[in-house]
Structures are given as structure tokens and as C-alpha cells.
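Heavy-atom basis, side chains included; hydrogens, waters and symmetry copies ignored.
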Amino acid sequence: MALRIRMVTIDCLDPRKLAEFWVAALGAEIIHEVDDGAMLVLSSADNVDVGLQQVAEPRAGKNRLHIDLGAPDRPAEVARLVDLGARLVEEFAYPGMAWSVLQDPEGNEFCVGSRNG
């Protein structure tokens with residue numbers, strides 16, 4: 001098959017401000033800018049690119065799609081993300097896996113998970 005996931009785009013009010021969080025969170029860099037900052041593309045060595053796209057309206061309701069990130073030390077990574085400006089929403093644990101639901105500074109939900117709990 002010729003298709004692959006190349007980028008996940010997050011709608012936001014202020015791409016430049018939100019980029020500060022995601023650049024620090026992912027260890028990424030801004031690799032492309034469109035229309036004077038209305039769209040920014042972030043890239044890191046081992047992740048799918050993340051686009052930050054300006055939209056006129058704030059997020060309303062639950063995301064229909066979200067990013068799932070993995071970390072060997074989930075609690076430490078969640079604490080680091082909260083220090084960067086994320087908000088911890090909820091945590092789940094099941095035999096063999098656990099994840100934390102967070103929101104970025106604009107309220108977009110994402111998860112950090114680990115397979116070992």
C-alpha cells in the first residue's frame with residue numbers, strides 16, 4: 001500500500017503559542033511555516049510530523065481524534081508535560097497497560113501510555 005500517516009494536524013487558535021508547548025513536549029522543531037504562522041509543521045526524529053493549524057473557533061466538546069504517545073516512565077513524562085503547561089484529565093490502568101489523558105494548553109486532548117502499567 002502506498003499510503004502512510006505523515007502528519008497529524010491540531011486545530012488551534014494560536015499556532016505559535018501552542019508550538020511552544022509541542023516543541024518542548026516532543027523535542028521537535030518547526031520545519032515549515034505557512035501564511036505568516038497560520039500553519040506550522042513540527043518534526044522530531046522519531047515521530048510523525050505535527051501540524052498546528054489556526055482556526056477561528058475554540059475547541060468545543062471531546063476531540064474525535066487524538067494523539068497517543070508512549071513513554072517507558074509514564075508518570076515522570078506526565079509530570080514533565082504538566083510542568084510544560086498540560087493539564088492531567090484522567091488516568092486509566094488495566095492489566096498490562098496504563099495511560100493518562102491530558103490536555104495541551106488549548107484544551108486538545110492527548111494520551112501518554114505504557115504497556116507495563
Side-chain angles (χ1 to χ4, degrees):
M1 181 175 287
L3 292 176
R4 68 178 185 89
I5 296 174
R6 203 183 83 201
M7 181 168 72
V8 174
T9 300
I10 300 171
D11 290 345
C12 57
L13 296 173
D14 188 345
R16 286 188 192 283
K17 184 166 175 50
L18 196 56
E20 293 173 15
F21 171 79
W22 284 106
V23 162
L26 298 174
E29 64 179 318
I30 297 171
I31 61 167
H32 191 70
E33 180 176 336
V34 177
D35 200 18
D36 200 25
M39 172 77 173
L40 300 173
V41 178
L42 313 179
S43 183
S44 63
D46 58 356
N47 290 308
V48 171
D49 291 347
V50 174
L52 301 172
Q53 175 176 276
Q54 188 175 39
V55 296
E57 64 281 344
R59 185 184 74 83
K62 183 168 175 23
N63 296 25
R64 296 294 302 258
L65 176 73
H66 65 267
I67 298 172
D68 283 334
L69 304 170
D73 187 348
R74 184 180 50 81
E77 195 61 33
V78 167
R80 183 182 77 84
L81 293 166
V82 168
D83 285 344
L84 290 173
R87 184 175 80 81
L88 179 60
V89 175
E90 201 167 1
E91 297 195 284
F92 297 90
Y94 294 95
M97 65 182 195
W99 68 94
S100 303
V101 179
L102 297 105
Q103 290 180 341
D104 72 14
E106 282 203 13
N108 299 297
E109 290 184 358
F110 65 100
C111 295
V112 177
S114 58
R115 293 196 181 188
N116 58 0

**Prompt:** Is the gap between the ring centers of Tyr94 and Trp99 under 6.0 Å?
**Reply:** yes
**Prompt:** Linking I/L/V/M/F/W/Y whenever any side-chain heavy atoms sit under 4.5 Å apart, do Val8 and Phe110 land together?
**Reply:** yes
For residues 60-70, which side-chain N or O atoms pair as donor and acceptor with protein atoms under 3.5 Å away, sequence neighbours left out?
{"from": "Lys62", "atom 1": "NZ", "to": "Glu109", "atom 2": "OE1", "distance (Å)": "3.1"}
{"from": "Asn63", "atom 1": "OD1", "to": "Arg59", "atom 2": "NH1", "distance (Å)": "3.3"}
{"from": "Asn63", "atom 1": "ND2", "to": "Glu109", "atom 2": "O", "distance (Å)": "3.4"}
{"from": "His66", "atom 1": "NE2", "to": "Asp68", "atom 2": "OD1", "distance (Å)": "3.0"}

**Complete:** Rounding to 0.5 Å, atoms CG (Leu52) and CE (Met39) come to a distance of 7.5 Å
**Item:** Single-linkage hydrophobic cluster, 4.5 Å side-chain cutoff, Met7 and Ile31 together
**Value:** yes
Can you give me every donor-acceptor pair (side chain of residues 14-27, partner residue at least two apart or in another chain, under 3.5 Å) with its distance?
{"from": "Asp14", "atom 1": "OD1", "to": "Arg16", "atom 2": "N", "distance (Å)": "3.4"}
{"from": "Asp14", "atom 1": "OD1", "to": "Lys17", "atom 2": "N", "distance (Å)": "3.2"}
{"from": "Arg16", "atom 1": "NH2", "to": "Glu33", "atom 2": "OE2", "distance (Å)": "2.6"}
{"from": "Trp22", "atom 1": "NE1", "to": "Asp104", "atom 2": "OD2", "distance (Å)": "3.1"}

**Message:** Working to the nearest 0.5 angstrom, can you tell me the gap between Gln54 CD and Leu40 CG?
**Reply:** 9.5 Å
**Val48-Ile10 co-clustered via ILVMFWY side chain contacts under 4.5 Å** = yes
**Request:** Carefully, step by step, assess Val41 and Thr9 under the rule side-chain contact (heavy atoms from CB on, under 4.5 Å).
**Result:** CA-CA 9 Å; Val41 178; Thr9 300; over 6 Å; no
**Asked** Please, which pairs that meet side-chain hydrogen bond (donor to acceptor under 3.5 Å, both in side chains) have at least one residue in residues 80-93, sequence neighbours excluded?
**Response** Arg74-Glu91, Glu77-Arg80, Arg87-Gln103, Glu91-Ser100
**Fill in**
The reported gap from CG in Asp11 to CG in Asn108 (rounded to nearest 0.5 angstrom) is 8.0 Å
**Item:** Cluster check Leu102, Val89: I/L/V/M/F/W/Y, side chain < 4.5 angstrom
**Value:** no
**Message:** Please tell me whether Val112 and Leu88 are part of a single hydrophobic cluster in this structure, the criterion being side-chain heavy atoms less than 4.5 Å apart.
**Reply:** yes
**Asked** Could you give the distance from OG (Ser43) to CD1 (Ile30), rounded to the nearest 0.5 Å?
**Response** 11.5 Å
